[in-house]
Amino acid sequence: AQTVTQSQPEMSVQEAETVTLSCTYDTSESNYYLFWYKQPPSRQMILVIRQEAYKQQNATENRFSVNFQKAAKSFSLKISDSQLGDTAMYFCAFMKYNNNDMRFGAGTRLTVKP
Amino acid sequence: EAQVTQNPRYLITVTGKKLTVTCSQNMNHEYMSWYRQDPGLGLRQIYYSMNVEVTDKGDVPEGYKVSRKEKRNFPLILESPSPNQTSLYFCASSPRNEETQYFGPGTRLLVL
């Protein structure tokens, strides 16, 4: 079974600084997807970024980028120029290719301080 | 507006009283899922459906039932709720050929 581990329950960063959230996963699959979701205090789940395992290039979405290391089964999220609105719970998630079985990590609570 | 809706958003009930949480999507998505979110555990998948009349168990299916009679609806049924089912529940949907899931707003359930 696939497992997703987020080893940092809580993190904080100063506004405008850069922060990296860690995620590792365990799978025997060769083709899969990885995601980072953001959950602000409203509890809404918002997709931040996604990565397809067969793509070598790291995904980027504006201030958000990932460092995908397939061999190490690592998928970290970097947030540049942190903003107060980035304060949220962040979940890393794994999904097998062509399947709807999605696994989430326990989450990292990020606080951006003014 | 493309969206996933859940009802009710908040529910307080008592042990053993059957309840249903509805989920509906207006995006013609094939895939739908139910998750529960608990502190320190993240989101865990309860059931998922890859098409009408096709459902599969996720990580934590015990105590739950689902049905997919229509493409747009995927209700979650708790036949005899217990306090350990107190949680925040999310429904999600996605198109067949796209892996991104679109989440509903969540249903907070308290079982006394």
Among the clusters formed by ILVMFWY side chains lying less than 4.5 Å apart, do B:M32 and B:I46 turn up in the same one?
yes

### Path from A:F94 to A:F75 over hydrophobic side-chain contacts below 4.5 Å
yes

Nearest heavy-atom contact between B:L43 and A:F104 is O-CB, 3.4 Å

Okay, B:R44 and chain A: the region with an atom under 4.5 Å from a heavy atom over there is neither

Turns out that what part of A:Y37 lies under 4.5 Å from chain B's heavy atoms comes down to side chain

Query raised in the report: Are any of the side-chain heavy atoms of B:F90 and A:Q39 separated by less than 4.5 Å?
Result: yes

- Using a 4.5 Å cut-off on heavy atoms from C-beta on, say whether the side chain of A:Q44 contacts that of B:P105. yes

Most contact-rich option vs chain B, by heavy-atom pairs under 4.5 angstrom, among A:P9, A:G107, A:A106, is A:A106

Counting heavy-atom pairs under 4.5 Å with chain B, the top scorer among A:G105, A:C92, A:A93 is A:G105

Output for pair (B:T100 OG1, A:R50 CZ), nearest 0.5 Å, gives 3.5 Å

Heavy-atom side-chain contact between A:F35 and B:Q101 under 4.5 Å
no

Under 4.5 Å to a heavy atom of chain A? For B:D59 that would be side chain

A:N31, CG: over 12 other non-hydrogen atoms inside 6.0 angstrom:
yes

query: How about A:M102 and B:Y31: do any of their side-chain heavy atoms sit closer than 4.5 Å?
result: no

### Query
Are there more than 12 heavy atoms of other residues, nucleotides or ligands under 6.0 Å from atom NZ of A:K78?
no

The interface call for B:L41 against chain A, heavy-atom contacts under 4.5 Å, is backbone

With chain A, the option among B:G106, B:G58, B:S33 that has the most non-hydrogen atom pairs under 4.5 Å is B:S33

message: Counting only heavy atoms from other residues, nucleotides and ligands, does the tally under 6.0 Å from CZ of A:R63 exceed 12?
response: yes

Transitive ILVMFWY side-chain link A:Y90 to B:F103, under 4.5 Å
no

In terms of hydrophobic clusters joined by side-chain contacts under 4.5 Å, are A:Y97 and A:L47 together? yes

Does the side chain of A:M45 reach to within under 4.5 Å of the side chain of B:Y35, using non-hydrogen atoms? no

- prompt: Shared ILVMFWY cluster between B:L78 and B:V60, side chains joined below 4.5 angstrom?
  reply: yes

Between the CZ atom in A:R43 and the CZ atom in B:R9, the distance rounded to the nearest 0.5 Å is 11.5 Å

Assess whether atom CD of A:Q56 is packed by more than 12 heavy atoms of other residues, nucleotides or ligands within 6.0 Å.
no

**Report entry** Heavy atoms of other groups near B:L110 CG, more than 12 under 6.0 Å
**Finding:** yes

